[in-house]
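Before any comments, here is the structure.
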2 protein chains.
Amino acid sequence: MQNKDDISKKPLTPAMEDYLEAIFNLGKEKKVVRVKDIAKRLGVKMPTVTSMLKSLSKRKLIDYEKYEYLELTKKGLDVGKEIHRRHHILRGFLTDILNIDFKNADEEACKMEHAVSASTLDRFIEFMEFIQFCPRVGLEWLKYFDEYRLHGQEPDKCLARMKEFAKGFRVRIKTMKEVGGEK
Amino acid sequence: MQNKDDISKKPLTPAMEDYLEAIFNLGKEKKVVRVKDIAKRLGVKMPTVTSMLKSLSKRKLIDYEKYEYLELTKKGLDVGKEIHRRHHILRGFLTDILNIDFKNADEEACKMEHAVSASTLDRFIEFMEFIQFCPRVGLEWLKYFDEYRLHGQEPDKCLARMKEFAKGFRVRIKTMKEVGGEK
DNA sequence: GAACTATGTTTGAAAAATCTAACTATCACC
DNA sequence: GGTGATAGTTAGATTTTTCAAACATAGTTC
């Protein structure tokens with residue numbers, strides 16, 4: 001049995017998830033992960049990072065000795081990777097399906113990634129896979145949606161206008177392959 | 001100019017938004033809004049509600065005198081209504097498009113409603129309107145998606161199988177009308 | 001209207017996430 | 001190898017949200 005203040009089963013907070021994701025990403029980008037870089041990435045001050053590092057360390061999500069380089073543990077890596085995956089999928093949905101620009105989509109995804117359960121995320125994936133694997137329907141459909149957004153809502157015009165559109169979608173779909181496939 | 005600890009321009013916290021939404025909904029369901037009911041609805045204890053009521057009152061979002069009935073101010077009503085609208089739209093997307101069951105969709109929507117900006121929410125609305133206003137594309141497309149989810153991913157089968165399906169979608173679309181139209 | 005039950009509030013404490021100011025360690029360079 | 005600049009930490013405070021325990025009020029019923 002676990003002792004009273006066992007911390008291991010308490011769920012992670014959104015903030016913790018954000019830090020783990022940031023550390024995961026920085027680890028891929030640079031040789032070493034610095035407090036300063038985490039702070040910059042997350043828009044907080046350095047003392048805030050230090051204090052969070054202590055929490056993450058207490059939960060065995062990172063290896064951390066003060067003034068030394070820090071590393072994700074296996075457990076921390078798993079979480080970081082999972083949050084990164086969520087982020088990527090949701091951002092993909094926002095950019096490729098809803099056609100929201102990258103910067104905004106990235107910000108929204110960062111907030112949404114803590115709100116969406118695993119099973120809902122799977123539905124998002126299926127949804128995007130569907131459009132990518134059923135191109136005759138999916139691609140046509142995305143074209144329709146853009147048409148609709150740009151030229152109004154009359155049902156009759158949907159079908160007519162759709163014929164004229166065929167370009168620009170391969171790019172969106174290509175991005176999506178990556179996203180859906182990463183699972 | 002505003003004095004130093006002016007509170008009026010500080011953004012509302014997600015928790016505050018949740019309370020305002022709960023009060024808004026309870027106000028529509030019952031004659032009076034009780035502390036006990038808010039607590040139950042949000043899964044917190046009564047003292048937590050009392051303390052939040054004080055904060056909301058300080059921000060002029062509710063009219064509140066202890067032991068008396070509480071009411072949303074104009075400002076509080078606007079927020080409550082807006083959060084309710086977001087909730088409704090996102091839940092509609094989750095149930096009608098991703099086909100997630102109501103209970104789960106409702107929970108997820110409750111978390112997502114704080115994460116999504118106004119402009120992103122508008123895209124969700126356009127997206128659902130599109131499916132509802134372009135039924136020749138939208139309805140077909142939803143059928144395809146269900147097919148895809150239930151029977152696998154071979155592109156060839158998408159078109160073939162789609163022909164067999166035509167029922168069960170009117171319901172989903174009907175719900176959506178309500179959602180999209182509420183704006 | 002006294003007593004009992006519901007409901008609501010106060011008090012005091014906790015955890016989480018953040019900040020500023022002040023301190024300390026590390027690194028690089030001359 | 002001393003000295004400055006950069007990076008990191010500690011200390012202490014604040015805000016937000018929550019709770020349990022104790023207290024207070026309101027409502028109901030005999």
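By convention in this document, chain letters (A, B, ...) are assigned in the order of the sequence lines, proteins followed by strands, and residues within each chain are numbered from 1.
Taking atom CZ of Arg59(A) as the reference point, atom C1' of dA16(C) lies 10 Å away to the nearest angstrom. For Glu65(B) and dA24(D), the CD to C1' distance is 17 Å, given to the nearest whole Å. Across the protein-nucleic acid pair, Leu61(B) atom CG and dT16(D) atom C1' stand 15 Å apart, rounded to whole Å. Lys40(A) has its NZ atom 14 Å from the P atom of dT6(D), to the nearest Å. Rounded to whole angstrom, the span from the CD1 atom of Ile38(B) across to the C1' atom of dA6(C) amounts to 16 Å. In this structure, Leu53(A) atom CG and dT10(D) atom P are separated by 11 Å, rounded to whole Å. Across the protein-nucleic acid pair, Lys54(A) atom NZ and dA11(D) atom P stand 7 Å apart, rounded to whole Å. Look at CG on Leu20(A): it is 11 Å from P on dA17(C), rounded to the nearest Å.
Base orientation of dA24(D): anti (glycosidic angle beyond 90° from 0).
Rounded to the nearest 0.5 Å, atoms NZ (Lys75(A)) and CG (Leu20(A)) are 10.0 Å apart. Note: Leu121(B) CG to Glu82(B) CD = 7.0 Å, rounded to the nearest 0.5 Å.
Remark: Arg34(B) is not in phosphate contact with dT7(C), judged by side-chain N or O atoms under 4.0 Å from OP1 or OP2. Remark: Ser55(A) is not in phosphate contact with dA16(C), judged by side-chain N or O atoms under 4.0 Å from OP1 or OP2. At dG8(D), none of the side-chain N or O atoms of Tyr64(A) fall inside 4.0 Å of OP1 or OP2 (strictly under the cut-off).
Residues forming a side chain to side chain contact (heavy atoms under 4.5 Å, CB included) with Asn25(B) (at least two apart in sequence, or on another chain): Glu21(B), Lys28(B), Glu29(B), Arg41(B), His84(B).
Tyr69(A) comes within 4.0 angstrom of nothing in the nucleic acid, heavy atoms only. When heavy atoms are screened at a 4.0 angstrom cut-off, Thr13(A) is found touching the sugar-phosphate backbone but no base atom.
Side-chain atoms of Thr73(B) come within 3.5 Å of backbone N or O of Lys60(B) as a donor-acceptor pair. Here the side chain of Glu108(A) pairs a donor or acceptor atom with the backbone of Ser117(B) at under 3.5 angstrom. Using modelled atom types, one side-chain atom of Thr95(A) and one backbone atom of Arg91(A) make a donor-acceptor pair closer than 3.5 Å. Between the side chain of Arg86(A) and the backbone N or O of Val116(A), at least one donor-acceptor pair lies under 3.5 Å.
Under the Watson-Crick or G-U wobble criterion, with both distances below 3.5 Å, dA13(D) is paired with dT18(C). Base pairing of dA6(C): no nucleotide in any strand meets the Watson-Crick or G-U wobble criterion (both distances under 3.5 Å).
A continuous path of hydrophobic side-chain contacts links Leu94(B) to Ile89(A) [ILVMFWY only; heavy atoms under 4.5 Å].
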Distances for protein N/O vs nucleotides 19-21 of chain D N/O pairs under 3.5 angstrom?
unit_1  : atom_1 : unit_2   : atom_2 : d
dC19(D) : OP2    : Lys45(B) : N      : 3.0
dC19(D) : OP2    : Thr48(B) : OG1    : 2.5

Which pairs, protein N/O on one side and nucleotides 23-26 of chain C N/O on the other, fall under 3.5 Å?
none

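When distances run from any side-chain atom of Lys36(A) to the nucleotides dT17(D), dT10(C), dA7(D), the shortest one goes to dA7(D).
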task: Evaluate side chain to side chain contact (heavy atoms under 4.5 Å, CB included) for Lys40(B) paired with Asp37(B), printing each intermediate quantity in order.
output: CA-CA 5 Å; Lys40(B) 189 171 186 188; Asp37(B) 296 330; 5.6 Å; no
message: Show, in sequence, the C-alpha distance, side-chain angles and deciding distance for Glu107(B) and Lys103(B), and conclude whether the salt bridge (Lys or Arg N to Asp or Glu O under 4.0 Å) test is met.
response: CA-CA 6 Å; Glu107(B) 281 170 24; Lys103(B) 193 165 158 297; 3.5 Å; yes
